[in-house]
Q: 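Would you mind keeping the following structure in view while I ask a few things?
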Amino acid sequence: MVKAVVGANWGDEGKGKITDMLAESADYIVRFQGGANAGHTIVNKYGKFALHTLPSGIFYEHTTSIIGNGVALDIPILCKEIQSIVEKGVPMPKILVSNRAQIVMPYHVLFDQYEEERLGKQSFGSTKSGIAPFYSDKYAKIGVQVSELFDEERLYEKIQGILEKKNVMLEHLYHKPALNVDELMETLREYREMIAPYVVDTSVVLGNAIKENKTILLEGQLGTLKDPDHGIYPMVTSSSTLAAYGAIGAGIPPYEIKQIVTVCKAYSSAVGAGAFVSEIFGEEADELRRRGGDGGEYGATTGRPRRMGWFDCVASKYGCRMQGTTDVAFTVLDVLGYLDEIPVCVGYEIDGEVTTDFPVTHLLEKAKPVFKVLPGWKCEIRGIKEYDKLPENCKKYVEFIEEQIGYPITMISNGPGRDDIIYRKQAE
Ligand code: GDP
């Protein structure tokens, strides 16, 4: 059985926690897209972790973690992350890396920094992890697959050709020093030594696992609105954030994905630039940011304050639809317990007309939120295990949102820990 855990919105919905929780009954956890640009925060018996590259199932001894072919693989970051969790007492995890995963090269990180510098005010708010230059090269067919590290002669020639182009850009567009092929080859030899123990054809491993009826979790990064096709282009990430891409980025048949758990946060947050219709500002936003998540809404990778907003039914309905949602996991509901009243964005007003359909970017930029205000429940809901024990207004909030988005909320997360979960309807 293959399940996907994906985000409905801009990312940071709490996918890490839900994956970590569902991983208890999984055999394989697969990262299928993205790179070290976003982070998942996980709290468990070993402590608090911000993972960037490793799948969130890494903390169980019975699971195998897979870095799929769709991932932007930053080898030093992966190895540092493995080392840092082992140092904190987590048993050495079983990790497999696809031989077809492509490598984030040192120059991808440089180009990301230089381009954001060049764009200045128009920059994308990139985390400067090299992701956009990496995927540009992948689709321009000058990327380097992990397997290529093992044929040095061929690699040397390829890198020489790549650097011819890169150096023109470095020197003439960015006015930075050129790169040297021998130095880069030395770095790539080090990369080869670091990654060699993990490299296999992961599609074979997963194909066999499917035959043996194992449980496979596909862990998405970011959310629908950051998808390059269906998101708020161009303020998106560079690889697909949709569950459908899980089949491609893991190398499995699309019809094997039977359950799609879409994670929605009980309010909104976003990082980076781009339209954010239900955004709030000032003291109202500061308070939600301070109280949000587990210790505040600040980027797991960059530490920068996240933009805050009320729950957006228009974006979330669309976000769930594009994911192909079977279950919604509704997270961080406990955070809203301080509010007397909770506004929810139920429509977008664009040129005088109200719509509940998520528009294309140039119309989205004109959209104004239409809010409906729901009463708060004014108490702590952490520790509650059954849906019926939640305060009446809290259940009304959940049910109102469920009706607006049109997908079943089967799990409610009321705290950062693995056990802070209320199963509502029977999720498989
Ligand atoms: P991800 O990238 O989607 O995994 O999201 P984040 O790493 O940004 O997770 C959101 C933050 O909220 C993390 O700090 C989690 O520990 C925390 N978190 C997840 N679920 C809950 C919840 O139900 N309640 C609270 N208070 N915090 C949560």
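For ligands, and for the atoms within them, numbers begin at 1 and follow the listed sequence.
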Q: Answer yes or no for Lys214 and Tyr28: cation-pi contact, defined as NZ/CZ to six-membered ring centre under 6.0 Å and angle to ring axis within 45°.
A: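 Ring-cation test returns no.
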Q: For atom 6 (P) of ligand 1, which of Thr331, Asp12, Leu51, Val271 has the closest heavy atom?
A: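 Looking at heavy atoms only, Asp12 sits closest to atom 6 (P) of ligand 1.
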Q: Applying a strict 4.0 Å limit to heavy atoms, is Arg306 in contact with ligand 1?
A: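 The answer is yes, since Arg306 has a heavy atom less than 4.0 Å from ligand 1.
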Q: For the pair Arg100 and Asp201, find out whether any cationic side-chain nitrogen is under 4.0 Å from an anionic carboxylate oxygen.
A: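 Asp201 and Arg100: not salt-bridged.
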Q: Charged N to carboxylate O under 4.0 angstrom, Asp12 versus Lys265?
A: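 Looking at Lys265 together with Asp12, the answer is no, because their closest N to O distance does not fall below 4.0 Å.
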Q: Find all atoms of ligand 1 within a distance of less than 4.0 Å from any non-hydrogen atom belonging to Gly16, and give their numbers and elements.
A: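 Once the distances to Gly16 are compared, the set is 1 (P), 4 (O).
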Q: Please determine whether any non-hydrogen atom of Asp420 lies less than 4.0 Å from an atom of ligand 1.
A: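 Distance cut 4.0 Å: Asp420 fails for ligand 1.
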Q: So is there a nitrogen or oxygen of Gly11 less than 3.5 Å from a nitrogen or oxygen in ligand 1?
A: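 By distance alone, the answer is no.
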Q: Just wondering, are more than 12 heavy atoms of other shown residues or ligands nearer than 6.0 Å to CD in Glu24?
A: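 Check fails, neighbour count at 12 or below.
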Q: Does this structure show an ion pair linking Asp327 with Lys3, if we count only N-O contacts that are shorter than 4.0 Å?
A: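 So Asp327 does not pair with Lys3 through a salt bridge.
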Q: Closer than 4.0 angstrom, basic N to acidic O: yes or no for Asp294 and Lys17?
A: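 No salt bridge links Asp294 with Lys17.
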Q: Could you tell me whether Lys15 and ligand 1 have an N or O pair separated by under 3.5 Å?
A: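 Indeed, backbone or side chain, Lys15 has an N or O that close.
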Q: In ligand 1, which numbered atoms sit nearer than 4.0 Å to a non-hydrogen atom of Gly415?
A: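 Atoms satisfying the 4.0 Å criterion: 20 (N), 21 (C), 22 (C), 23 (O), 24 (N), 25 (C).
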Q: Check for me whether the distance between the ring centres of Tyr397 and Phe311 falls short of 6.0 Å.
A: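 For Tyr397 and Phe311, the ring centres are not under 6.0 Å apart.
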Q: Can you name the atoms of ligand 1, numbered from 1 with element, that are less than 4.0 Å from a heavy atom of Val335?
A: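 So the atoms of ligand 1 that pass are 26 (N).
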Q: Out of Leu333, Val332, Ile381, who is nearest to atom 28 (C) of ligand 1 when you count heavy atoms only?
A: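 Closest candidate by heavy-atom distance is Val332.
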Q: Does any N/O atom on Gly14 come nearer than 3.5 Å to any N/O atom on ligand 1?
A: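 The answer is yes, given that Gly14 and ligand 1 share an N or O pair closer than 3.5 Å.
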Q: Using a strict 4.0 Å cut-off to heavy atoms of Ser413, name the atoms of ligand 1 that fall inside it.
A: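 Checking each atom against Ser413, I get 20 (N), 21 (C), 22 (C), 23 (O).
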Q: Please work out which of the three classes, parallel, tilted or perpendicular, describes the rings of Tyr174 and Phe111, given edges at 30° and 60°.
A: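 The arrangement is perpendicular - the two ring planes meet at more than 60°.
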Q: What atoms in ligand 1 come closer than 4.0 Å to a heavy atom of Asp294?
A: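 Ligand 1 atoms under the 4.0 Å threshold to Asp294: 12 (O), 14 (O), 16 (O), 17 (C), 27 (N).
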Q: Has Glu297 got any heavy atom lying under 4.0 angstrom from an atom of ligand 1?
A: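 Flag not set, Glu297 not near ligand 1.
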Q: Applying a 4.0 Å heavy-atom criterion (strictly less than), which segment of Arg382 is in contact with ligand 1: side chain, backbone, both, or neither?
A: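 It is the side chain that touches ligand 1; the backbone stays farther off.
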Q: Between Arg290 and Glu283, is the closest basic N to carboxylate O distance under 4.0 Å?
A: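 Salt bridge between Glu283 and Arg290, a charged N being under 4.0 Å from a carboxylate O: yes.
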Q: Is the backbone of Ala26 close enough, under 3.5 Å, to the side chain of His62 for a donor and an acceptor to pair up by distance?
A: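 Such a contact is found between His62 side chain and Ala26 backbone.
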Q: Give yes if a backbone or side-chain nitrogen or oxygen of Lys17 is under 3.5 Å from a nitrogen or oxygen of ligand 1, and no if not.
A: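 Between Lys17 and ligand 1, no N or O pair is found under 3.5 Å apart.
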